[in-house]
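Remarks on the structure that follows.
Worth knowing before you read on, the calculation uses all heavy atoms, side chains too, and leaves out hydrogens, waters and symmetry mates.
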Amino acid sequence: MNSSEYHESHLYKVRHSAAHIMAEAVLEKFPEGKVAIGPPIENGFYYDFELPRSLTEDDLAEIEGRMRELIKEKQSFVREELDAAAAQELFAAQPYKLEMIADLLGADPETTFSIYRSGAFVDLCRGPHVENSREISPQAVKLMSVAGAYWRGDEKRPMLQRIYGTAWESPKELRKHLHWLEEVKKRDHRKIITQMDLISFHEEAGPGMAYWHPKGAMMRKIIEDFWRDRHIEGGYDFVHTPHIGKAWLWETSGHLDFYRESMYAPMDVDGQDYYLKPMNCPFHILIYKSSLRSYRDLPLRWAELGTVYRYEKSGVLHGLLRVRGFTQDDAHIFCTPEQIEGEVLRVLKFSLALLRAFGFEEIQAYLATRPEKAVGEPARWEQAQASLLRAIQAEGIGYELDEGGGAFYGPKIDLKVRDALGRYWQLTTIQFDFNLPERFDMTFAGEDGHAHRPYMVHRALLGSLERFFGILVEHYGGAFPVWLAPEQARLIPIADRHIEYARQVEEQLRQAHIRAKTDASSSRMGAKIRQAKVNDKIPYMLVVGDREAETGTVAVRLRSGKQLGAITVAEFIAHATQAIKERALE
RNA sequence: GCCCAUGUAGCUCAGCUGGUAGAGCACAUUCUUGGUAAGAAUGGGGUCCUCGGUUCAAAUCCGAGCAUGGGCUCCA
């Protein structure tokens with residue numbers, strides 16, 4: 001269901017009406033409470049309140065119970081229309097409603113206001129709603145959580161209490177949703193990276209900074225190697241740049257004006273302010289400017305796995321998905337106006353291929369165009385936007401247009417991928433920049449011998465390695481495809497006398513570039529298999545006992561429980577090598 | 001940064017109204033050498049997040065700080 005279908009659906013009305021019923025129950029409990037807004041959202045609804053005290057879990061349970069009773073009363077939702085004066089009188093005790101009325105009047109002094117009555121509750125509301133509350137299934141509504149939320153999302157305005165609820169057409173659908181939430185919880189990358197010994201965080205050394213353990217670092221190495229190989233094939237060159245730069249650099253780039261609050265405080269080096277880099281672009285530009293560039297040199301495609309630091313507010317850090325230090329898979333493309341169309345298509349194709357290689361098949365594009373306040377010639381914006389759109393259409397991927405949603409310095413395409421649980425994650429961003437080439441006065445010598453301004457495109461395909469890794473973990477639930485798995489095969493000796501043979505096989509596998517380890521613990525075979533499968537999620541379990549040692553074979557078991565039977569070590573190497581090459585899930 | 005909640009062993013958690021700590025998993029040792037999802041016994045391991053306060057006595061109550069979580073906000 002897309003967004004406009006959702007807005008017209010019965011479920012949308014059910015959720016919207018459930019929000020009203022909830023407000024009714026809350027006001028019954030707190031008659032002096034003020035109501036703000038309460039819309040349907042993805043999977044449910046919320047309502048914001050100003051209440052005399054903070055709500056507790058117990059309050060939620062009580063409100064939820066009262067909602068069920070109110071629903072069963074078969075309350076009718078009745079729409080009425082009022083003029084401004086009547087509306088202001090009706091909501092005289094509701095300051096947030098009065099503010100909304102005033103705003104609506106500001107937009108159109110002739111506005112009439114619609115209200116909905118249900119039971120003892122009346123709300124300023126555009127609707128639509130269900131006919132009566134029995135259209136809401138009382139057993140398909142559940143209150144989920146309380147959270148703080150600023151009135152109108154503005155941190156200078158009062159903090160309200162928001163109650164989130166979920167509502168469905170039937171109890172069965174509610175159960176399905178709750179089950180899905182369980183699945184989301186099970187795949188939480190924060191849990192899995194700890195359990196699988198991949199990455200840790202250390203509050204005593206600074207929040208939002210990831211520490212990659214040997215197994216996590218192995219995976220990162222595989223991702224980086226793959227990324228570099230692809231970039232070589234894709235016509236990129238690599239650069240490496242420093243982690244800090246003098247204030248001059250960030251003044252010139254404009255970061256100190258526009259981005260300062262996301263930058264770490266400067267450090268004093270010999271009386272000069274040095275800043276930790278939040279972005280790589282200014283450094284790449286300095287390389288560009290290190291010599292005169294001719295149109296014959298362009299396009300230049302310069303890639304760097306560049307580690308940047310951004311000061312994220314303490315409340316927004318979230319596992320690997322929102323950190324303060326991370327490595328962008330960054331690149332900048334500098335080209336002539338004539339080349340731009342070809343370059344945009346090329347980078348989009350390249351990105352799609354890369355994302356698909358990691359197992360993301362469904363990809364959505366978002367094109368954001370020129371906002372009100374923007375730099376750069378309108379003609380350049382037009383050309384850039386047109387080339388972005390043509391590239392999307394040429395690739396035949398679905399897209400949405402965000403008119404006026406671009407950054408002030410250029411239009412962009414973002415790509416979102418759908419994961420195994422149906423969630424969309426933004427990974428790739430391809431952004432034009434009409435600002436930095438001006439600020440740094442970048443030029444190239446054209447055919448006419450004059451200096452021209454190059455086009456500049458920023459692009460990060462995986463986004464950041466940390467965030468991408470977290471998304472990969474959730475997508476696969478830790479059971480990575482063979483090519484990514486930090487340990488691809490585990491040798492499981494049945495008794496201690498088989499350890500020596502297991503180690504021999506392990507060594508053969510290592511020489512064949514298959515990552516293998518022997519479980520030489522004193523556990524029984526069943527426990528070793530359980531460990532390898534459930535905890536370590538290893539693609540291949542190779543059981544070796546007397547029979548295998550005598551015949552030079554391994555008994556292969558997959559994570560799925562499937563048995564490949566006893567095959568020779570050479571046969572296994574051929575099988576695994578093939579699966580690695582194909583990037584099979586196995 | 002803001003609101004609310006949480007912070008006890010490497011991990012997951014218990015510890016009622018204050019009387020200086022427990023379980024399971026993991027780890028170590030020993031026994032067991034087992035053919036496809038947990039063999040057994042014994043043992044080691046804790047500044048109960050930090051600082052301050054109340055109290056004869058604080059993991060427990062209060063305050064502040066830090067961190068984590070659910071959100072809000074921000075992401076030129």
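Counting non-hydrogen atoms under 4.0 angstrom, A/Asp546 reaches a base of the nucleic acid. Base contact: A/Ser253 has a heavy atom under 4.0 Å from a base atom. Nucleic acid contact for A/Tyr46: none, since no nucleic acid atom lies under 4.0 Å from a heavy atom of the residue. Among the atoms of the strands shown, base atoms are found under 4.0 Å from some heavy atom of A/Gln563. Base contact: A/Met279 has a heavy atom under 4.0 Å from a base atom.
Pairing of B/G34, defined by two Watson-Crick or G-U wobble distances under 3.5 Å, is not identified with any nucleotide.
Comparing B/U33, B/G71, B/U73 by their closest approach to the side chain of A/Glu155 singles out B/U73. Among the nucleotides B/C72, B/A76, B/C4, the one closest to the side chain of A/Tyr259 is B/A76.
In this structure, the ring of A/Trp250 has its center less than 6.0 angstrom from the ring center of A/Phe283.
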When every nucleotide of nucleotides 63-70 of chain B is labelled 5' to 3' by its protein contacts under 4.0 Å (heavy atoms), B for base, S for sugar-phosphate only, - for none, what sequence of letters results?
-> ----SSSB
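Between A/Phe408 atom CZ and B/C75 atom P there is a gap of 12 Å when expressed in whole angstrom units.
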Are any protein N/O atoms closer than 3.5 Å to N/O atoms in nucleotides 37-41 of chain B? If there are, list each pair with its distance.
from: B/A37; atom 1: N6; to: A/Lys533; atom 2: NZ; distance (Å): 3.4
from: B/A37; atom 1: N3; to: A/Arg530; atom 2: NH1; distance (Å): 3.2
from: B/A38; atom 1: N7; to: A/Arg530; atom 2: NH1; distance (Å): 3.4
from: B/A38; atom 1: N6; to: A/Arg530; atom 2: NH2; distance (Å): 2.4
from: B/A38; atom 1: N1; to: A/Arg530; atom 2: NH2; distance (Å): 3.2
from: B/G39; atom 1: O4'; to: A/Arg524; atom 2: NH1; distance (Å): 3.2

